[in-house]
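Just so you know, these numbers use all the heavy atoms, side chains as well, and skip hydrogens, waters and symmetry mates. Indexing begins at 1, ligand by ligand and atom by atom, following the structure's order.
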Amino acid sequence: MPDGAPRLVEVEPATTEPTHPAAPWWQGAVIYQIYPRSFADSDGDGIGDLRGIVQHLDHVVDLGVDAIWLSPIYPSPLHDFGYDISDYTDVAPEFGTLADLDALVTAAHGRGLRVLLDLVPCHTAIDHPWFVEARAARDATRRDWYIWADPAPGGGPPNNWIAAFGGSSWTLDPATGQYYLHSFYPEQPDLNWRNPAVAEAIHDVMRFWLDRGIDGFRVDAIAHAIKDDRLRDNPPAAFGRSVFGIDSSGHERLWNVERPEVHDVIRGMRRVTDAYAGRVLIGEVYTPTEMLAGFLGHGRDDEFPLAFNFELLHTPWRADALRLAIERSEALTPATTNPTYALSNHDQVRHATRFGTDAVRLAALLLLTLRGTITLYAGEEIGQADAPDLPGPTRDRAGRDAQRTPMQWTPDGGFSTGQPWLPPTDPARRNVADQAADPGSVLSLYRRLISLRREVPALHHGEQRGLLDLPGDLVGWLRTTDRERVVAIGNVGCEAVTLARPELAGTEVLLSLDPARGARLGDGTLTIGPGDGIVVRLAE
Ligand code: BGC
């Protein structure tokens, strides 16, 4: 390494043990979300599968993450691309078999990776045998596994609830003359969690997978689990309500989302996982940060151990907005856990598109130096953006194809030998093979950042309270343990900012986005240009 080049931490092989042995493995961990349909196709049918994931485990291990989370792998009629499940305890044929899943879990565990599945407890697919049975007659055995109601007195839906994807939450079942409830598409009837038999059935599903060695679940759309038992109409939204709480007809989602009884549902799930050592639940609550603490057990630690904080998915690339999002998350996370951040997922415009591809390096530095559990969405480690124009018919009715295009392994795609179910976006421009060979690539940066997070205790599990008081468009934080203090700073603005801080003099540069920076800072004056960022260890 030439004199004056930044000192970079070498990538170490993944280990199963957290750096801080007393903490649960998920604290400070990095979780890699795989959308199985789009990751790697082993059999040329154009659809990603479990064997494809096994074939590409090296990539995941080299990235250095602690766990993978697979979006749904179960049989599904694909009205919501797998979030409508017809069989909770099997693998969809296009993804493989239960034996393939076992092989994936064994291979992953053998390489120090944990495996999380997606649990979709609030609704089934319309062709799930439970629903087929329930809709057969008003007095069908499983009728009350779902939520049924008679038409309103003058006809029409029983109340004014609106589904998350638009339209009434109610669909008439002509054969029995009643409406059934669905919080999402009509093809996703809601399970009735007020029925203890439903709770028991889903708990059995959880045990089925936990017994097979699955390390936990990301729990889908949990805020929708329980609805008002009197099915009261939602009121018009009052001025000032958060957008999270308003449906597309301008009504507050008062009676159909986040009902207090949902906490009993979560406690029940938590009791199931607590019977197994080292398993985790990550709640997808989709609520403002101030409401999240309730789903994390308000410090009683009897609900979700982790729940996604989606602030950063909705925060613009602006210093004031980023600061506020982090400050709120820090202030509002109960001491029993840590924040759970993501910049991208299968439902949202990728952050390379939202923030711009020029921002992805600094975004990675900021994300991976934050206190908390970090979730990455496959493809972000090569800077993948949304597909700008997709030819052909839309696959996802809610318009999320652009963030679900296939993983780009080689300059010609490398995802499938057949016709991919969605075309890759720009493999010639960014792909894993080229970036793995280039120390200056986005992929190499992700590897270094994740490695640094594993190796530097302050970054892995250190404290972080609030933000550093920094000028201009600088954003940064201090991470501390009893033994070390590490600072991460980035410039999200358009102008260089010079920072003169005596405590920075002579400090060790752990990572710098500006390759011209040396292994130590000089006299404590630091100029950070637009898009530049730095991680330094302060002297003891
Ligand atoms: C999932 C979506 C899905 C919805 C309904 C969400 O939280 O992430 O992809 O469409 O739940 O299951």
Colleague: So which protein heavy atom does atom 11 (O) of ligand 1 come closest to, and at what separation?
Modeller: D220 OD1, 2.9 Å
Colleague: Please determine whether a side-chain nitrogen of the Lys or Arg among D204 and R207 lies less than 4.0 Å from a carboxylate oxygen of the Asp or Glu.
Modeller: yes
Colleague: Would you say E284's side chain and R218's backbone share a donor-acceptor pair under 3.5 angstrom?
Modeller: no
Colleague: Checking H346 against F81 for the ring pair (Phe, Tyr, Trp, His ring centres under 6.0 Å) test, could you report, in this order, the C-alpha distance in whole Å, the side-chain angles of both residues, the deciding distance, and whether it holds?
Modeller: CA-CA 11 Å; H346 64 294; F81 279 90; over 10 Å; no
Colleague: With respect to T425, which candidate in D386, L390, T405 satisfies the side-chain contact (heavy atoms from CB on, under 4.5 Å) definition?
Modeller: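 The passing option is T405.
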Colleague: As an exercise, identify every atom of ligand 1 less than 4.0 angstrom from a heavy atom of R218.
Modeller: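 This gives 1 (C), 7 (O), 8 (O) as the contact atoms.
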Colleague: Looking only at heavy atoms, is any part of F165 under 4.0 Å from ligand 1, and if so is it the side chain, the backbone, or both, or is it neither?
Modeller: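 Within the 4.0 Å criterion, F165 contacts ligand 1 through side-chain atoms alone.
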Colleague: Under a 4.0 angstrom heavy-atom cut-off, which atoms of ligand 1 come close to H346?
Modeller: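 Within the 4.0 Å cut-off of H346, ligand 1 contributes 1 (C), 2 (C), 8 (O), 9 (O).
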Colleague: Considering only the protein, which heavy-atom contact is closest to atom 7 (O) of ligand 1, and what is its distance?
Modeller: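 Answer for atom 7 (O) of ligand 1: E284 OE1, 2.4 Å.
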Colleague: Considering only non-hydrogen protein atoms, determine which one is nearest to atom 10 (O) of ligand 1 and report residue, atom name and distance to 0.1 Å.
Modeller: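 The closest one turns out to be D80 OD2, 2.6 Å.
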Colleague: Any idea which atoms of ligand 1 are less than 4.0 Å away from a heavy-atom of R400?
Modeller: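 Those qualifying, in numeric order: 2 (C), 3 (C), 9 (O), 10 (O).
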Colleague: Report, in ascending order of atom number, the atoms of ligand 1 lying under 4.0 Å from any heavy atom of H123.
Modeller: 5 (C), 12 (O)
Colleague: I'd like to know if the side chain of T171 reaches the main chain of P186, judged simply by a donor and an acceptor atom lying under 3.5 Å from each other, with no hydrogens or angles considered.
Modeller: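 No.
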Colleague: In the protein, which heavy atom is nearest to atom 9 (O) of ligand 1, and how far is it?
Modeller: D347 OD1, 2.7 Å
Colleague: Under a 4.0 angstrom heavy-atom cut-off, which atoms of ligand 1 come close to R404?
Modeller: 9 (O)
Colleague: If we ignore hydrogens and angles and just use 3.5 Å, is the side chain of R267 paired with the main-chain N or O of E303 as donor and acceptor?
Modeller: no
Colleague: Test the R397-F165 pair against the cation-pi criterion, namely NZ or CZ under 6.0 angstrom from the six-membered ring centroid and within 45° of the ring axis.
Modeller: no
